[in-house]
Structures are given as structure tokens and as C-alpha cells.
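Below, chains carry the letters A, B, ... as their sequence lines are ordered, and counting in each starts from 1. On a predicted model such as this, the values are computed, not experimentally measured, just so you know.
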Amino acid sequence: MAEYDTEVSDDPLFILRHSAAHLLAAAVTELYPGTRYAGGPPVENGFYYDFDLPRPVGEDDLPAIEARMAEIVRRGDPFEQVLLPHAEARRRFQELDQPYKLYWLEQKASDDELVSCYRTGSFFDLCRGPHVASAAEIRAFKLMRVAGAYWLGDERNRQLTRIYGTAWFTREELDDYLHALAEAEKRDHKRLGRELKIFALDERTGLGNVIWLPNGATIRRELERWIVDEELARGYQHVVTPAVARLDLYRQSGHWERYRESMYPPMRTERGEELELRPMNCPHHILVYQQEIRSYRDLPLRIAEIGTNYRWEKSGELMGMIRVRSFALNDAHIFCTPEQLHEEIVGVIELARYFMETLGVTEYRYRLSVRDPERMGKYVGSDEEWANAEAALVGALEALGVEYELGRGEAAFYGPKIDFQVRDAQRREFTNSTVQVDFQMPERFGLEYVAGDGSRRRPVMVHRGAFGAMERMIAYLIELYAGAFPTWLSPVQVVVVPITDANLPYAHTVTERLRGHRVRVELDDRPERMGRKVAEARDRRVPYVLVVGAREAEAGTVSVRDRAGEQTTERLEDFCARLLAEIARRR
RNA sequence: GCCGACGUAGCUCAGCCGGUAGAGCAGCCGCCUCGUAAGCGGCAGGUCGUGGGUUCGAGUCCCACCGUCGGCUCCA
């Protein structure tokens, strides 16, 4: 993202944060003479500024920078706009030895207009503004962290030092924000995944390869059963294909050419055969397609698989279960005629929406991901095919009447796509579900079907992950539910707590009764106090605790305690019926 | 991969200016039989991420590497 491109906004909070970025730059240039400053926009919750510094700066330096910022606030330095002729502005930034600003000046300002600059104390910046009138208005801010960021967002360029901060109108808002950050940390799937024994990461499996513990495996199995059932009901055919293939398969698909840096190094056998862990499932599903002559009557052919993909993500890109090196994608490839394309895309979007609605996912955005016009070498296929593919996707979005944003440079190498964007507990955005239109692979593999007139035609392919990757989606769900999964997904749905050992026989009866209905139930028969057992079940986010003592055994009831702490006493049969109904309704 | 921060028991964390490691929880053993948010006692558990270096002496200081977290790049 080019900072200078940030939309000019009249939002007072954006103006405040943009001004806070200047305040930061003013403090940094005062403290470290010789600093070259590149750019600093407001962002969600705060701001940053990128610097090329004369010496390394780390987080230890932030307090001193913050103190200098506070000093400038106390001085009340005004934010003054200065309009200069282009040549004059160029001369100023040359004098100041600010090459990054000269770059922007040449990029963004034409020769014949006045250039807008801002002065804050001794700090002079190329900037359209608007800004607050005076530094005195910036009262509630905090520097958060230091990071590296490539000039112009290109890793081939020099890496600058980016300092992030947050800024608010009032001290209270700042405190609320910091508190919210701490709360978000408690929902972190990496933390909850360990506490709730859902998954483990152990470098001995190679980085970014998830160990699914029994609880996580249960959640995943429930989801997978549901997903497969729903897809079978919608005319998908599930297959199972190998996680490896000869490298030639990926040469033909174009992966080896355009996707190599994300692939594991090939394995070579003693015969010289090159085997590759699959980074995607599409070539494998093409092999399924090619096992027989396909007729137009077979189309649309929907080949599905929850297939594990292996991708060589850079080590710094790994992130818990959200970004891993092997993941199981709820994948499918739909082979269809161009005439069927629209309906198929709509069907996929509706399926993805159904999945999310059932799971209670309400906050997501649609992104139409297209090519980056400045990096066209990353893609395969003709402009015309891309235009057709994009038109098909837009047509489906419009038919469904949904709003969407444009993701420039977010397309797959073989085609454009619609991505369903969600946010984690820390508000970071990523893709779960996706629908992609592809004219390339059918071409590369020479796919055909026999049309009604006997001619051979080329099908179109739709790649889709209607649910997304199991790892990422479950990481997302852990954070969405803060670990308290709906009952149908809860690893343990009921814990039975006898009050004393004398109640054990009845507790066993209750447990067996539920287990007979395939309820995931545990009997807590440890020699502990019931208060502790209740507390531990609460910590494990178990949906129901059934306390059974002499009264319950006598009456054939159970004392039911839910996660909200609500207690009722019900006949065992009644509780069982309502529990099964809840599970059946996927709640 | 790059920038920054951080790695002490299974987990969460103490450990001062260098003087050869400590707590709570979890685990194991025993006692307590108890009505809805944590009963009591005991035991065991650590090559202080790894490898070098400085020092009479390193968990503490220095260097390299590995890993984790945040950001960049990339991405399901």
C-alpha cells in the first residue's frame, strides 16, 4: 500500500491519528538527526510512520520518543500548511536530504500546481493534510511497537523502520483500547488451543504442521462429517487422492512455473522419479475428471475432497493454526460449461454462506480478487479469459445483491476469485472461503467433454473452498466462540458430577444413558469436591454439567447447570431429549 | 526470508549489581465423601532454547544459531 494514496478523510479521528504520525516523525527527527522519513498514515486504531534511521532503533527507544512527543504536545507546536510551487518544494526536500519525499513529490504532484506541505515545529513534511491545528490537541497516544517495512511494500527494496502507535481523543478511550487488546489476547486461538487441548505445535513435526489433539480432532471430525453430508446433498462427489504426485503433474498445471516458491522441495527416488507434496488439489481432481470420456450430461461435475495441501510458507509467515505449512482444505473443483458457470458460482457462494450462518459467523466481507496490473508476470492466461472470469464472478455477486470490495493483486495465478474475508480476535483480516474461476487448467490439461452435437468442447473449472481450510477455520472459530463451542461441536458435551461416592451408581446410569445416544459425556468420579468439578468443567467450557445426588437418584432427575451458570432440575429423559434436539439443530 | 521483542518445570511466572535455581497450577501418592467457581498433606519434576565466548564463577554479560510472538513480504 502506498501511504500517500491513503484516502483523504475528514473523519476527525483519522485526522488526529494522521497528525499523531507527524508528531511521531517530528520527535524522531529531533532525536535522531539525519533521519529520512518515508511516510506515515493513520490506520485502524492508530498510525505509523516509516523511517530510514541513522542508527538502529528498538522498542527500548520508544519511551524516549514518546517523551519527546509529549514535550512537543506541551509546546503546542502548530500544524501549518505551506503551499509551495513544485520547484520550490523540490528544492526544500533536496536541502533537507529527504529522498523518499522527493520520490513522492515526483510521483504525485504535477509541475504546474502548488504542492501542499505541513510544518510542525522543525519537522517539514510533504502532505495533503488535513491536520489538527496544534500538537496540543493530541493528548491520548501510545507507541506500540517497532517493525520492519519494505519501501513501497516491495521486499526487493530497502527495509525501513516502522514505528506503530495508537491515538485517541481521550485518555479513557485509549485505556479502553488497551483493555480491549488484553481481552483479545484471552481469545487468542494459540492460547486457548493449548489451554483447551485442541491442538499442539511441536517443531519436531517440522514448523507449521499441526498436531490435532483429541479435542481438536473431535471438533474437526464433526465439522467434516457435516460438510461432506451437505456437499453430497448438493451434488458433489467426494474423492480421496494422494498427497503426493510426480513433479511433472505440477509442471503441466503451471504450479512449478508460477508457484514454486510456495512448494516443498521435490523428493527424488533412486530411480530418478521426482515426487512433490501437493500444494493444491486441483491437478489431482483433474486426474479424476480424465478417468473417463465426459459428456455434457455429466456436467456440472463437482469433485470434492477434504484434501491436505503442503505449502512452503516462509518461516516468518507462520501464525498458530491460521497460517501453517500443511492444511486440509474443504476443496472442490466444478467442471462445467460456460453456460453453467453463473449458476455454479452462485451455488458455491450460497453454500459458503450457509456454512457461516450455521456457525454463527456474521462478520465477513466479500472481496473480488483480481490481478495486480503492475505485476502481470505472476499470472497465466489471456486478458480476455481473465475478463470473462471476472465478469462471471461479478455477475454472481450482483445476482445475489451483495456488496464487495476489490482486492487488487489478490488473484490466484490461474484466475480471479471471490474471497470471504473474516477477522480474528486481533481484527486481522484473512480469507476463509474462496471461489475461483479458471480457464487455464482445462486448457493446460486439454480437458474436454462431448457436447450434444458430438463435438469436443472445453469445460470451465471453478475452484472453491466453501468452508476453507480446517486449520484456519477452526482457529477462527476458537476465537469467535472464545473457546465455548456450540454444543454440537464441543469436545465434551456433558460432565456428570456425583456429589458423593454413594451417588456413583446413578451417575453411571445417567452417563450410560447419554452415551447410548452418542453424546460425548464424561463421568467425573475423582475423589474431589463437586465445587471443584463444576469449576473445572466451566474452565473447559463444557456446555452442561449434571450434578446428581441422592435427591436426583431418588426422583430420576438431573440438576443441569449450563455455561451461563443457570441451574434447572429436569427429568433425565427430558434433558436428554432437549440435548439431542440442540445437537441435531447444530447449536 | 527481513525488522523488533521474547525463550527459566507440562502451563503461568519470580529470580536484585554475575556467587552453580523458586512459587502457583497441572502430575503422582495418601487423607477428606462433600449440593453447584477450586478441601488438606506429602512426593516428584529444570542440561535455565542450543552452541560458543568473557569471568575464579554465567539463568544473569557478549556472539552465533534455533524457536515463539508482533510487523513487513507472501497467503487457505
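- Residue whose closest nucleotide on RNA chain B sits further toward the 5' end, between Lys378(A) and Ala149(A): Ala149(A).
- Within the structure, the salt bridge (Lys or Arg N to Asp or Glu O under 4.0 Å) test picks out the following pairs touching residues 358-368 of chain A (sequence neighbours left out): Glu363(A)-Arg427(A), Arg365(A)-Glu405(A), Arg365(A)-Glu429(A), Arg367(A)-Glu410(A), Arg367(A)-Asp419(A).
- Considering only residues two or more places apart in sequence or on other chains, Arg302(A) meets the salt bridge (Lys or Arg N to Asp or Glu O under 4.0 Å) condition with Glu344(A).
- If you measure from atom CG of Asp60(A) to atom P of rG4(B), you get 11 Å, rounded to the nearest angstrom.
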Measure all distances between protein nitrogen or oxygen atoms and nitrogen or oxygen atoms of nucleotides 10-17 of chain B, and list the pairs falling under 3.5 Å.
{"unit_1": "rC11(B)", "atom_1": "O3'", "unit_2": "Arg194(A)", "atom_2": "NE", "d": "3.4"}
{"unit_1": "rU12(B)", "atom_1": "OP1", "unit_2": "Arg194(A)", "atom_2": "NH2", "d": "2.8"}

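- Within 6.0 Å of the CZ atom in Arg526(A), the count of heavy atoms belonging to other residues, nucleotides or ligands exceeds 12.
- Within the structure, salt bridge (Lys or Arg N to Asp or Glu O under 4.0 Å) contacts touching residues 253-262 of chain A (residues at least two apart or in different chains) are Glu257(A)-Arg444(A).
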Contact state string [nucleotides 30-42 of chain B, B base, S sugar-phosphate only, - no protein heavy atom under 4.0 Å]: --BBBBBBBB---

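- When the C1' atom is used for both rA38(B) and rU55(B), the distance is 48 Å, rounded to whole Å.
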Nucleotide pairing, RNA chain B (Watson-Crick or G-U, distances under 3.5 Å), in dot-bracket with [ ] and |: (((((((..((((.....[..)))).(((((.......))))).....(((((..]....))))))))))))....

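- Computed from coordinates, the Tyr48(A) OH to rC3(B) C1' distance equals 15 Å when rounded to whole Å.
- In this structure, Asn157(A) atom CG and rC3(B) atom C1' are separated by 15 Å, rounded to whole Å.
- Between Phe47(A) and Phe141(A), a ring centre-to-centre spacing not shorter than 6.0 Å is recorded.
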Show me the side-chain donor-acceptor pairs of residues 348-357 of chain A shorter than 3.5 Å, one per line, residues at least two apart or across chains.
{"unit_1": "Arg353(A)", "atom_1": "NH1", "unit_2": "Tyr366(A)", "atom_2": "OH", "d": "3.2"}
{"unit_1": "Tyr354(A)", "atom_1": "OH", "unit_2": "Glu230(A)", "atom_2": "OE2", "d": "3.1"}

Please set out all donor-acceptor pairs under 3.5 angstrom arising from side-chain atoms of residues 472-483 of chain A, sequence neighbours excluded.
{"unit_1": "Arg472(A)", "atom_1": "NE", "unit_2": "Ile322(A)", "atom_2": "O", "d": "2.9"}
{"unit_1": "Arg472(A)", "atom_1": "NH1", "unit_2": "Thr431(A)", "atom_2": "O", "d": "2.8"}
{"unit_1": "Arg472(A)", "atom_1": "NH2", "unit_2": "Ile322(A)", "atom_2": "O", "d": "3.1"}
{"unit_1": "Glu479(A)", "atom_1": "OE1", "unit_2": "Ala425(A)", "atom_2": "N", "d": "2.7"}
{"unit_1": "Glu479(A)", "atom_1": "OE2", "unit_2": "His189(A)", "atom_2": "N", "d": "2.8"}
{"unit_1": "Glu479(A)", "atom_1": "OE2", "unit_2": "His189(A)", "atom_2": "ND1", "d": "3.0"}
{"unit_1": "Tyr481(A)", "atom_1": "OH", "unit_2": "Leu359(A)", "atom_2": "O", "d": "2.6"}

Nucleic acid footprint by protein, nucleotides 64-70 of chain B - heavy-atom cut-off 4.0 Å, B for base, S for sugar-phosphate alone: --SSSSB

Check against salt bridge (charged side-chain N to carboxylate O under 4.0 Å, His left out), Asp154(A) and Arg375(A): CA-CA 12 Å; Asp154(A) 189 327; Arg375(A) 305 180 73 171; 5.4 Å; no

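- Contact annotation: Tyr164(A) reaches the phosphate of rC72(B) (side-chain N/O to OP1 or OP2, under 4.0 Å).
- Annotation: rG7(B) and rC40(B) have their P atoms spaced 32 Å apart (nearest Å).
- Separation of the P atoms belonging to rU60(B) and rA9(B) is 14 Å when rounded to the nearest angstrom.
- Between Trp168(A) and Tyr177(A), the angle of the ring planes lies from 30° to 60°, which puts this pair in the tilted group.
- For rC74(B), the OP1/OP2 oxygens have a side-chain nitrogen or oxygen of Arg375(A) closer than 4.0 Å.
- Look at the P atom in both rC13(B) and rC6(B): the space between them is 14 Å, to the nearest Å.
- For RNA chain B, the neighbouring residues in residues 416-423 of chain A, judged by any heavy atom under 4.0 Å, are Lys417(A).
- Legend: residues meeting side-chain hydrogen bond (donor to acceptor under 3.5 Å, both in side chains) with Lys186(A), ordered by chain and number and at least two apart, are Glu183(A).
- Put simply, CZ on Arg162(A) is 17 Å from P on rA5(B), counting in whole angstrom units.
- Between the side chains of Tyr264(A) and Arg325(A), not a single donor N or O lies within less than 3.5 Å of an accepting N or O.
- When the side-chain hydrogen bond (donor to acceptor under 3.5 Å, both in side chains) test is applied to Tyr250(A), the partners found at least two apart in sequence or on another chain are His284(A).
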